[in-house]
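Just so it is clear, the values below take in all heavy atoms, side chains as well, and ignore hydrogens, waters and symmetry mates.
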Amino acid sequence: MGIGDAIKARALCRYTYTPVIVELDAEETELYVEVTEKVAKILSAQQFTEEAAEDSPLGALLRKRSNILGHARAKLPALKREIEKRQDDWYQLLYCAEGSHPLSHESGEAEEPSQLDLAMDLVGNQLRMPAARYVSETKRPERKEVLTRFGNRDLQIVVSMRCLDEGVDVPAARTAYLLASSSNPRQFIQRRGRVLRQAPGKDFADIIDFIVVPPDDAVGINRETERRMVARELTRVTEFARLAVNEAEHSTFCAHCASATDCLTYNQPIPLYHALGVSVE
């Protein structure tokens, strides 16, 4: 049974979907372009598809490019604005990108705090919300305790990476923030399913998804690179929006997105956000 059928059968709950547009900064855009050019050279020379072994040079570059989107610095201020809207709500999950920001390895300077550490500081110290992390280093007894406290309303929010993707049941969860810009359908569909589990008193869930695009005034990024970046993010947007109870709100958004990628494909001189018809956080 697919997720759509499961929602209709009430095996899973209904959900609202909120895409939040954020921009790469100038440094991130420059690195994204640089990595994309290296990917293009390998593909041209060796005629590979973009499906490469993770330990190959191409696989490492594709992973690095994905991490640039996942760790986009603008996500944290946007996340703060979204959480503040729900600061009194319980049962919230936050999915962070893995590892550290790719630029941490470029400058030779001290490594930036991880997105997970920044998110924990945001919710725990700045917003004063009871929170805990749930990561691979969290020992099994501690994991069980975190989920128990979450279900008992001792914790408002659990901050994780991939550890909640499979084999963990968190039916109480009602809100999910997706900071990790996954283009892997299996991964982002699992994350949606995690927050759609039925629970007493739970009528629907909220999914807040952070969509990364290049800045409108980006220097050095060509239209094809820009189009591909937007298209990667839109795969997830389209999938999540089509089954959301507020789908009608996003039909125009998705149409504008399709229009935007078409404009970029044909190199039409239309600013990206004019084509998208949305504002940027």
Side-chain angles (χ1 to χ4, degrees), residues 15-25 27-28 31-32 63-87 89 91-104 111-127 129 131-136 138 150 155-165 168 170 173-195 205-214 229-230 232-237 239-241 280-281:
Y15 69 95
T16 62
Y17 177 60
T18 303
V20 179
I21 304 292
V22 297
E23 289 184 340
L24 294 178
D25 66 22
E27 283 186 305
E28 291 166 339
L31 183 58
Y32 189 93
R63 189 166 57 252
K64 183 175 183 178
R65 185 171 65 179
S66 176
N67 284 340
I68 296 169
L69 301 183
H71 288 272
R73 292 164 175 153
K75 288 183 176 181
L76 265 295
L79 173 67
K80 183 178 181 181
R81 289 189 289 272
E82 292 301 318
I83 293 182
E84 284 175 336
K85 299 174 186 177
R86 305 164 179 85
Q87 196 166 351
D89 295 348
Y91 309 123
Q92 303 189 55
L93 300 179
L94 171 54
Y95 286 96
C96 292
E98 295 179 82
S100 57
H101 197 297
L103 280 166
S104 294
E111 188 170 297
E112 293 185 22
S114 70
Q115 189 179 83
L116 187 140
D117 287 338
L118 292 171
M120 282 295 297
D121 177 68
L122 168 64
V123 297
N125 296 328
Q126 298 179 41
L127 299 180
M129 298 169 68
R133 63 183 69 207
Y134 189 104
V135 295
S136 57
T138 308
F150 183 72
L155 294 173
Q156 268 185 281
I157 188 163
V158 171
V159 182
S160 184
M161 289 186 287
R162 293 183 62 178
C163 293
L164 288 174
D165 283 352
V168 180
V170 197
R174 286 160 168 76
T175 303
Y177 303 94
L178 306 182
L179 284 185
S181 296
S182 175
S183 59
N184 181 330
R186 180 182 177 187
Q187 188 175 80
F188 63 67
I189 287 172
Q190 282 177 338
R191 291 177 178 179
R192 174 176 58 183
R194 189 71 57 228
V195 78
D206 296 313
I207 297 174
I208 298 90
D209 190 7
F210 296 83
I211 313 301
V212 183
V213 295
M229 183 192 300
V230 174
R232 284 188 184 92
E233 294 284 85
L234 292 186
T235 300
R236 190 174 69 255
V237 173
E239 169 59 29
F240 280 4
V280 182
E281 290 285 351

Can you list the steps and then say if Glu28 with His71 is a side-chain hydrogen bond (donor to acceptor under 3.5 Å, both in side chains)? CA-CA 9 Å; Glu28 291 166 339; His71 288 272; over 6 Å; no
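- The two residues Ser160 and Tyr134 come nearest to each other via the heavy atoms OG-O, 2.7 Å.
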Using the rule given for side-chain contact (heavy atoms from CB on, under 4.5 Å), can you reason through Val159 versus Cys96, listing the C-alpha separation, both sets of side-chain angles and the distance that settles it, and then say yes or no? CA-CA 7 Å; Val159 182; Cys96 292; 3.7 Å; yes
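- With Gln92 contributing its side chain and Ile83 its backbone, the two residues share no donor-acceptor pair below 3.5 Å.
- Taking all atoms of both residues into account, the shortest heavy-atom contact from Tyr17 to Arg236 is OH-O, 4.4 Å.
- Using a 4.5 Å cut-off on side-chain heavy atoms (C-beta onward), Ile189 and Arg192 make contact.
- In this structure, Thr18 and Arg86 approach most closely via the heavy-atom pair OG1-NH2, 4.4 Å.
- In this structure, Glu233 contributes its side chain and Ile21 its backbone to no donor-acceptor pair below 3.5 Å.
- Minimum heavy-atom separation, Gln87 to Gln156: O-NE2, 2.8 Å.
- Between Lys85 and Glu82 there is a salt bridge, since at least one side-chain N of the basic residue sits less than 4.0 Å from a carboxylate O of the acidic one.
- Residues forming a salt bridge (charged side-chain N to carboxylate O under 4.0 Å, His left out) with Asp89 (at least two apart in sequence, or on another chain): none.
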Let me see the working for Leu69 and Arg65 under side-chain contact (heavy atoms from CB on, under 4.5 Å), right down to the final yes or no. CA-CA 7 Å; Leu69 301 183; Arg65 185 171 65 179; 5.8 Å; no
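- Between Arg133 and Asp117 the shortest side-chain heavy-atom distance falls below 4.5 Å.
- Note that CD of Gln115 and NZ of Lys75 are 6.0 Å apart. Values are rounded to the nearest 0.5 Å.
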Before you tell me yes or no, could you show the steps for Leu127 and Leu122 under side-chain contact (heavy atoms from CB on, under 4.5 Å), namely the whole-Å CA-CA distance, both residues' side-chain angles and the distance that decides it to 0.1 Å? CA-CA 6 Å; Leu127 299 180; Leu122 168 64; 4.2 Å; yes
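- Contact of the Tyr177 side chain with the Leu79 side chain is registered, since non-hydrogen atoms from C-beta on lie closer than 4.5 Å.
- Put simply, the side chain of Phe150 reaches to within 4.5 Å of the side chain of Leu93, judged on heavy atoms.
- Here Glu23 contributes atom CD and Ile211 contributes atom CD1; the two are 14.0 Å apart, rounded to the nearest 0.5 Å.
- Inter-residue side-chain proximity for Asp121 and Gln126 is flagged as met; some heavy-atom pair is nearer than 4.5 Å.
- Taking both residues in full, the closest heavy atoms of Tyr15 and Glu239 are given as OH-O, 4.2 Å, listed atom of the first, atom of the second, then distance.
- Minimum heavy-atom separation, Leu24 to Ile68: CD2-O, 4.0 Å.
- Taken from CZ in Arg191 to CG in Asp209, the straight-line distance is 10.5 Å, to the nearest 0.5 Å.
- Looking only at distances, a side-chain donor or acceptor of Ser104 sits under 3.5 Å from a matching main-chain atom of Glu112.
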